[in-house]
Amino acid sequence: MAKAFGIVTAASNRYVVEGMQEYRPISSFSFAGRYRLVDFPISNFSNSGIDRIQVYISGNPRSLVEHLGTGRQYNINSKRGKLQLLFHDEGNINRLYNTDIAAFMDSIDLIERTREEYVIITSSNMVFREDFSALLDQHIKSEADISLLYHRVDNACDAFRGCSVLNLNRQKGVLGIEMNMGNAKDRNIFMDTFVMKKALFVELIKKAAKTSSMYHLSRFVSSEAETYDIRGIQHKGYFAAITDLKSYYDANLSLIDSETARSLFDGKWLIYTQTTDSCPTQYFEGASVKKSMVSNGCHIEGTIENSVIGRGVKVGKGAVIRNSVVLAYAQIGKDVVIENQVIDKWARVIHANEVISDADKPGYVRRDDTL
Amino acid sequence: MSQSNMLAMILAGGRGSRLLDLTNKVAKPAVSFGGKYRIIDFPLSNCANSGIDVVGVLTQYESVVLNSYVAAGGRWGLDTKDSGVFVLPPREKADEGFNVYRGTADAISQNIDFIDSYNPDYLLILSGDHIYKMDYDDMLNYHKAQNAELTVAVRPVPWKEASRFGIMNTDGNGTITEFQEKPKEPKSNLASMGIYIFTWKTLKKVLLADMKNPDSSHDFGNDVIPEFLNTGKKMVAYKFEGYWKDVGTIDSLWEANMDLLGKRSELNMDDPSWKIYTSDASTLPQLIGPDALIDRAYITQGCIVFGEVHHSVLFTESQIGEGAVVTDSVLMPGAIVEAGAKVTRALVADGVRIGKGAVVGSADSENITLVAKRVKGEE
């Protein structure tokens with residue numbers, strides 16, 4: 001039996017992605033054409049031999065529940081393993097009540113009943129590959145109370161603005177977890193990923209809930225930095241944090257570079273997702289596709305450059321899509337020009353001649369909308 | 001969902017020797033087709049879409065890949081409590097010494113116990129090596145409405161080719177009056193598609209007698225259908241007009257793949273109401289490089305294209321390097337065309353690597369070039 005169980009938290013209670021999030025929680029955002037964000041943490045757990053996983057859902061559960069199903073696609077043993085979907089939403093009373101601690105408290109009995117000694121908590125808006133069993137071993141060996149996973153970046157002034165950063169001492173001891181205010185380039189971006197004993201986790205949740213309804217786990221852990229031995233563990237490899245529309249757009253487009261794509265999609269560390277049994281993509285006469293990632297089931301008669309195209313997208317003759325993320329089943333009509341956009345699922349851009357936004361501030365076309 | 005009283009048996013024992021090296025290690029039904037599929041996905045998906053719950057797959061030749069492939073019935077949604085895909089290789093039985101299927105009919109006879117355990121009213125017999133979409137439930141309704149003991153699916157073929165097929169001659173009501181295997185002078189152009197619906201009680205009686213007949217070749221075409229005719233059992237022809245292809249040779253396999261490139265492909269692979277299901281590959285989508293040129297192609301997930309593709313079909317995880325040119329060709333799963341290589345009018349088998357700058361196939365070859373072994377390129 002694995003020594004740890006896994007938790008995937010609902011990023012939706014800590015981050016807001018304009019437009020997209022009105023229709024689904026961040027966990028079920030489409031990513032890299034054929035995936036959903038939640039596929040990455042779950043595949044990481046599954047590939048690490050951790051097959052008892054709790055997925056917390058906050059807001060609009062439909063698409064996520066449909067996508068996760070029984071979890072069979074994640075290679076989780078259907079008898080021994082378990083994928084639990086735990087729904088928590090405080091509604092509209094006040095967003096400040098909608099914390100991960102409140103969600104954990106809702107399911108505290110389920111957490112306490114797990115048999116594993118350790119827990120690994122990660123978040124669905126953080127895209128990376130990580131062998132969690134190696135991470136757990138490293139945590140146990142260090143004898144720390146809590147280990148936090150971070151990624152060192154040199155562009156924290158502009159990017160990762162919604163993220164937290166770890167304030168580390170020389171021995172990688174965590175002094176605190178702070179918001180990234182964008183006042184330094186070099187930062188240790190906290191990947192919202194914790195490793196600790198389950199008993200400590202339960203203790204922290206209860207203590208946090210008792211202290212203030214406003215606490216999120218990371219803030220509470222930060223406030224306890226002097227009480228516990230908390231260490232940072234550095235992650236290397238592909239890392240993206242989806243915290244707003246721009247970071248969502250950038251993360252998708254980062255994958256059109258084949259080297260970057262291969263750093264996330266290693267042939268041995270598979271990322272699983274729900275198949276839709278769509279047929280291959282048809283490229284017709286007049287199609288011109290360069291530097292892009294294209295999913296199955298598309299009909300392409302136009303031009304696509306520097307873009308990520310979801311399943312079943314139709315691109316008409318003479319249409320041009322540049323630097324854009326087009327989600328599944330969208331339709332870009334004849335001669336329409338799309339630049340720097342996120343086009344949501346089922347949208348039809350057929351009447352507009354062009355939809356062009358600034359590269360620094362990508363535009364968004366609503367789900368199921370007709371332009 | 002339990003709904004059908006018809007059980008399907010797919011004859012998947014064929015060697016497919018005209019597919020040359022492609023079937024050295026896999027049986028013909030397991031050969032890859034159409035970017036992400038295997039040939040047997042078509043009858044299996046047709047069964048699933050027609051509401052047939054239980055499918056037996058009769059295997060014989062080189063069946064390790066085929067057996068493990070079809071055993072995962074979940075791929076076609078056939079894994080509920082009432083449904084399943086069952087691999088049925090020949091068995092050694094206590095009372096008889098059989099461990100080969102002596103013919104197509106014998107393959108069914110040896111599995112009467114399996115069929116009876118489901119107590120079906122009707123038995124659908126299919127072949128595991130044809131590409132087509134068909135609603136077997138419509139055919140069953142026709143069988144019932146006609147009060148037939150046997151319904152044979154037929155399709156009109158060009159008259160000049162009729163002598164290559166098993167031809168069904170019918171009267172004005174569609175009742176089959178005569179069956180001719182590859183007739184020199186065909187009287188009809190309705191060719192049997194090797195798809196039969198039998199009323200099970202009737203077939204079982206005929207099969208039990210056939211098993212004991214020392215003169216029988218235990219074949220549906222040679223023995224069972226003539227027996228039905230001779231004993232006056234009602235047989236009707238069910239006309240099918242859609243796309244159908246027997247991909248028995250390298251040329252026809254290539255051609256059927258090329259058929260998918262047309263704007264209105266008759267097979268209509270992306271009809272959401274009749275999907276073809278297959279194994280799910282955990283690969284990234286298609287990655288198209290900065291200098292790629294894609295001019296009429298059918299490409300599936302996991303492909304990486306840096307070079308040029310003209311009028312070609314790329315299967316799962318095939319790759320085309322920078323400056324390579326692939327024209328009028330089929331790259332099977334995992335085939336790799338390295339930088340600068342040229343592939344023309346060729347079918348590159350699974351996992352085969354065409355080295356840097358190598359040239360295979362030619363635009364004016366009579367037949368399609370099958371590349372089944374690594375082609376060395378420049379060092």
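Just so it is clear, the values below take in all heavy atoms, side chains as well, and ignore hydrogens, waters and symmetry mates. Each chain gets a letter, A, B and so on, in the order the sequences are listed, and its residues count up from 1.
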Discussion item. Which atoms of Y37(B) are under 4.5 Å from chain A, going by heavy atoms: the side chain, the backbone, both sets, or neither?
Written reply: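 For Y37(B), the side chain is the part near chain A, not the backbone.
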Worksheet item: Which bit of L261(B) is near chain A, if near means a heavy-atom gap under 4.5 Å: side chain, backbone, both or neither?
Response: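 Only the backbone of L261(B) comes within 4.5 Å of chain A.
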Practice prompt. Assess R38(B) against Y69(B): is NZ or CZ under 6.0 Å from the centre of the six-membered ring, and within 45 degrees of the ring's axis?
Written response: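 Yes - R38(B) lies over the ring of Y69(B), closer than 6.0 Å to its centre and within 45° of its axis.
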Worksheet entry | Presence of salt bridge, D41(B) and K36(B), under 4.0 angstrom |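 Answer for the salt bridge query: no.
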Which one wins on heavy-atom pair count under 4.5 Å against chain A: [options]?
options                   : answer
I294(B), I299(B), I304(B) : I299(B)
G74(B), G34(B), G262(B)   : G262(B)
C303(B), A297(B), G35(B)  : A297(B)

Worksheet item: Cut-off 3.5 Å, side chains only: do N268(B) and Y243(B) have a donor facing an acceptor?
Response: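 No - no donor-acceptor pair under 3.5 Å links their side chains.
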Item to complete: Would you tell me whether S27(A) and S124(A) have side-chain atoms, one donor and one acceptor, within less than 3.5 Å of each other?
Response: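 Note: S27(A) and S124(A) side chains meet the donor-acceptor criterion.
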Fill in: Most contacts with chain B, counted as non-hydrogen pairs under 4.5 angstrom, among T276(A), D277(A), L264(A), T275(A)
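It is D277(A).
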Practice prompt. Might you work through the salt bridge (Lys or Arg N to Asp or Glu O under 4.0 Å) test for D259(B) and K245(B), ending with a clear yes or no?
Written response: CA-CA 10 Å; D259(B) 285 345; K245(B) 202 142 214 163; 3.2 Å; yes
Worksheet item: Can you pull out the residues in residues 283-311 of chain A with any heavy atom less than 4.5 Å from chain B?
Response: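 The stretch touches chain B at Y283(A), F284(A), E285(A), A287(A), V289(A), K290(A), K291(A), S292(A), M293(A), V294(A), S295(A), N296(A), H299(A), E301(A).
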Item to complete: Hey, could you give me each pair passing side chain to side chain donor-acceptor pair (under 3.5 Å) that has a residue in residues 324-337 of chain B? Not counting sequence neighbours.
Response: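 Listed once each, the pairs are H311(B)-D328(B).
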Item to complete: Give me the one residue out of D51(A), I76(A), I53(A), L83(A) that meets side-chain contact (heavy atoms from CB on, under 4.5 Å) with F45(A).
Response: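 Among D51(A), I76(A), I53(A), L83(A), the one meeting side-chain contact (heavy atoms from CB on, under 4.5 Å) with F45(A) is I53(A).
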Item to complete: For Y248(A), enumerate each residue passing the ring-ring contact (aromatic ring centres under 6.0 Å, His included) test, keeping only those at least two apart in sequence or located in another chain.
Response: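 For Y248(A) the ring-ring contact (aromatic ring centres under 6.0 Å, His included) partners, ignoring immediate neighbours, are F29(A).
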Worksheet item: Does any pair with a residue in residues 269-283 of chain B pass salt bridge (charged side-chain N to carboxylate O under 4.0 Å, His left out), and if so which ones, sequence neighbours excluded?
Response: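 Of all non-adjacent pairs touching residues 269-283 of chain B, those that pass salt bridge (charged side-chain N to carboxylate O under 4.0 Å, His left out) are R34(A)-D280(B).
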Worksheet item: Considering only heavy atoms, which portion of S43(A) lies under 4.5 Å from any heavy atom of chain B: side chain, backbone, both, or neither?
Response: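 Looking at S43(A), nothing touches chain B.
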